[in-house]
Amino acid sequence: MKAVTWHGKRDVRVDTVPDPTIVDPTDVIVRITSSGICGSDLHLYEVLGPFMTEGDILGHEPMGVVEEVGPDVTELKPGDRVVVPFNVSCGTCFMCGNGLHSQCETTQVRDRGMGAALFCYTKLYGQVPGGQAELLRVPFGNTLPIKVPEGPPDDRFVYLSDVLPTAWQAVDYAGIPDGGTVVVLGLGPIGDMSTRIAMHKGARAIGVDLVPERLERARANGVETIDLREHDKDLAELIRGMTDGRGPDSVIDAVGMEAHGAPGAKLAHQMTSLLPDAIAEKAMERVGVDRLHALHLAIDIVRRGGTISLSGVYGGMADPLPMLTMFDKQIQLRMGQANVRRWVDDIMPLLLDGDPLGVDGFATHKVPLDQAPDAYATFQKKQDGAIKILLRP
Ligand SMILES: NC(=O)c1ccc[n+]([C@@H]2O[C@H](COP(=O)([O-])OP(=O)(O)OC[C@H]3O[C@@H](n4cnc5c(N)ncnc54)[C@H](O)[C@@H]3O)[C@@H](O)[C@H]2O)c1
Ligand SMILES: [Zn+2]
Ligand SMILES: [Zn+2]
């Protein structure tokens, strides 16, 4: 089959690789029809190289049609239409039973001290082959894939793999009080969708980014937008001015590691990318090479007693945080990988009864698998109005 594979920093290719096969009796093989490129994939593309192996198959936002099922699969049959969550979660352990699928005890990557395995997310997360490919092996066929109805286009359902549950969890964890205000830092797919969900639930949403078309799209949806390029120095003051001098009830950080505005960390990133992998891996884990700009902003912006919800992915161990400010402001902080399966029943009604979140028009680009290398480059450079790209194997 054809698959998008990682070969090095900013080097992804479309290779011909062996078809996946049924390994465990509850596996299913899915023929992929749509597969998203995610902001998280950009971390692999740019800074997480030390944790990748040449030839790793990329992608964790796939959907498609069941092609083959293992002998113990009772809940699916060939021909069923399914979306595959990015967590590899069993659905039956203690953690899954508590809605914490990203901590699944059956798939935790214990030798790395990490939570549940993820499709294509580095050795830290189990090095599981990903879904930017023609076919994907999916374990836990009775509990993991999300069965979706025929009819609406793939666009309607594909974001159940990641964007929708991640944004849903970001908003839930933000604990916005009734009629309250949330500031969303970053208006990529996750931030944009978070504003839509927050407003759908009745909140006031203020969005911050520095890419004109991302700001424009959010503004068109009713978000009050702020261009970071114009308010780099006075952002927190400006936002306090918009929120009774107090700051918003909640802040969602949908930026993560590659935040604009942290030059020291940028240098560290570049240095680790020059080190041999084994040393760089240690450096990434132990020494803080994160770009915490967005998190520092969030701590500054949120009102006293408010909540910060982190959905942007961070890595590293040694990043100093302003503990005095966090303690004194009585900030509540919630974070983590999305527990995809946890939120599906909450989100599904919004996909079956019309399209109140506007998912049908969410993708800005749909391209064949062959064009993945260009699509990655375009998405990373934020060129050509690229906000969300779907590959069509
Ligand atoms: N928690 C999860 O389960 C989960 C799931 C998916 C994605 N993520 C993470 O969420 C983050 C966002 O994902 P995405 O797909 O929307 O990525 P993206 O890279 O498309 O979006 C990030 C946006 O942040 C903007 N930005 C950069 N620096 C900023 C700053 N200082 N202030 C405000 N905006 C800034 C960028 O211009 C960009 O539009 C990434 O870190 C990704 O890894 C987490
Ligand atoms: Zn993703
Ligand atoms: Zn589990």
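As the structure lists them, so they are numbered: ligands from 1, and atoms in each ligand from 1.
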Quiz item: Less than 4.0 Å between a side-chain N and a carboxylate O, is that true for R137 and E67?
Solution: no
Quiz prompt | Pairing of R204 and E224 as salt bridge, 4.0 angstrom limit | solution = yes
Exercise. Please state whether the separation between the Zn ion (ligand 3) and some N/O/S atom of C104 is under 2.8 Å?
Key: yes
Self-check item: Residue D162, metal the Zn ion (ligand 2), N/O/S under 2.8 Å
Solution: yes
Quiz item: Under a 4.0 Å heavy-atom limit, does L228 contact ligand 1 with its side chain, its backbone, both, or neither?
Solution: side chain
Quiz item: Polar-atom distance check: Y121 versus ligand 1, any N or O pair below 3.5 Å?
Solution: no
Quiz item: Do NZ/NE/NH1/NH2 and the carboxylate oxygens of R229 and D227 come within less than 4.0 Å?
Solution: yes
Practice problem: Give a yes or no on whether a salt bridge exists between K9 and D11, defined as a side-chain N under 4.0 angstrom from a carboxylate O. | Solution: no
Self-check item: Where ligand 1 meets H43 - atom numbers and elements under 4.0 angstrom, heavy-atom basis
Solution: 40 (C), 41 (O), 42 (C), 43 (O)
Quiz item: Heavy-atom distance under 4.5 Å between the side chains of M95 and H101, does that happen here?
Solution: no
Exercise. State plainly whether the residues D244 and R303 are in salt-bridge range, i.e. N to O under 4.0 Å.
Key: no
Quiz item: Where does Q337 meet ligand 1, judged by heavy-atom distances below 4.0 Å: at the side chain, the backbone, both, or neither?
Solution: both
Practice problem: Give the cluster check for I190 versus V211: same hydrophobic cluster or not, with ILVMFWY residues linked at side-chain heavy-atom distances below 4.5 Å. | Solution: no
Quiz item: Is the closest N or O pair between G39 and ligand 1 shorter than 3.5 Å?
Solution: yes
Self-check item: P189 contact mode with ligand 1 (heavy-atom cut-off under 4.0 Å)
Solution: both
Quiz item: the Zn ion (ligand 3) as vertex, arms to SG of C90 and SG of C93: angle to 10°?
Solution: 110°
Self-check item: Residue selection (non-hydrogen contact nearest atom 23 (C) of ligand 1) among I389, D162, D209, L44
Solution: D209
Quiz item: Of the choices G312, G186, G188, A386, which has the non-hydrogen atom that lies closest to atom 34 (N) of ligand 1?
Solution: G186
Quiz prompt | Sub-4.0 Å heavy-atom approach of G336 to ligand 1 | solution = yes
Quiz item: Is the cationic atom of R217 (NZ for Lys, CZ for Arg) positioned less than 6.0 Å from the six-membered ring centroid of F362 and within 45 degrees of its normal?
Solution: yes
Quiz item: Counting only heavy atoms, which portion of I387 has something under 4.0 Å from ligand 1: side chain, backbone, both, or neither?
Solution: neither
Quiz prompt | Shortest heavy-atom approach to atom 8 (N) of ligand 1 - which of A170, S102, S161, S311 | solution = S311
Practice problem: Run the ring-centre check on H60 versus F86 and record whether the distance is less than 6.0 Å. | Solution: yes
Self-check item: Min N/O separation F379 to ligand 1 under 3.5 Å
Solution: no
Quiz prompt | Proximity flag K382 to ligand 1, non-hydrogen atoms under 4.0 Å | solution = yes
Self-check item: Heavy-atom pair with the smallest gap, counting every atom of A386 and R214
Solution: O-NH2, 2.9 Å
Quiz item: Does V255 approach ligand 1 within less than 4.0 angstrom via side chain, backbone, both or neither, non-hydrogen atoms only?
Solution: both
Quiz item: Which one holds for I190 and ligand 1: side chain close, backbone close, both close, or neither close, with close meaning a heavy atom under 4.0 Å?
Solution: both
Practice problem: Before signing off on this row, confirm whether A338 and ligand 1 have an N or O atom pair separated by under 3.5 Å. | Solution: yes
Practice problem: Answer yes or no: is there an ion pair linking R31 with D80, defined by an N-O contact shorter than 4.0 Å? | Solution: no
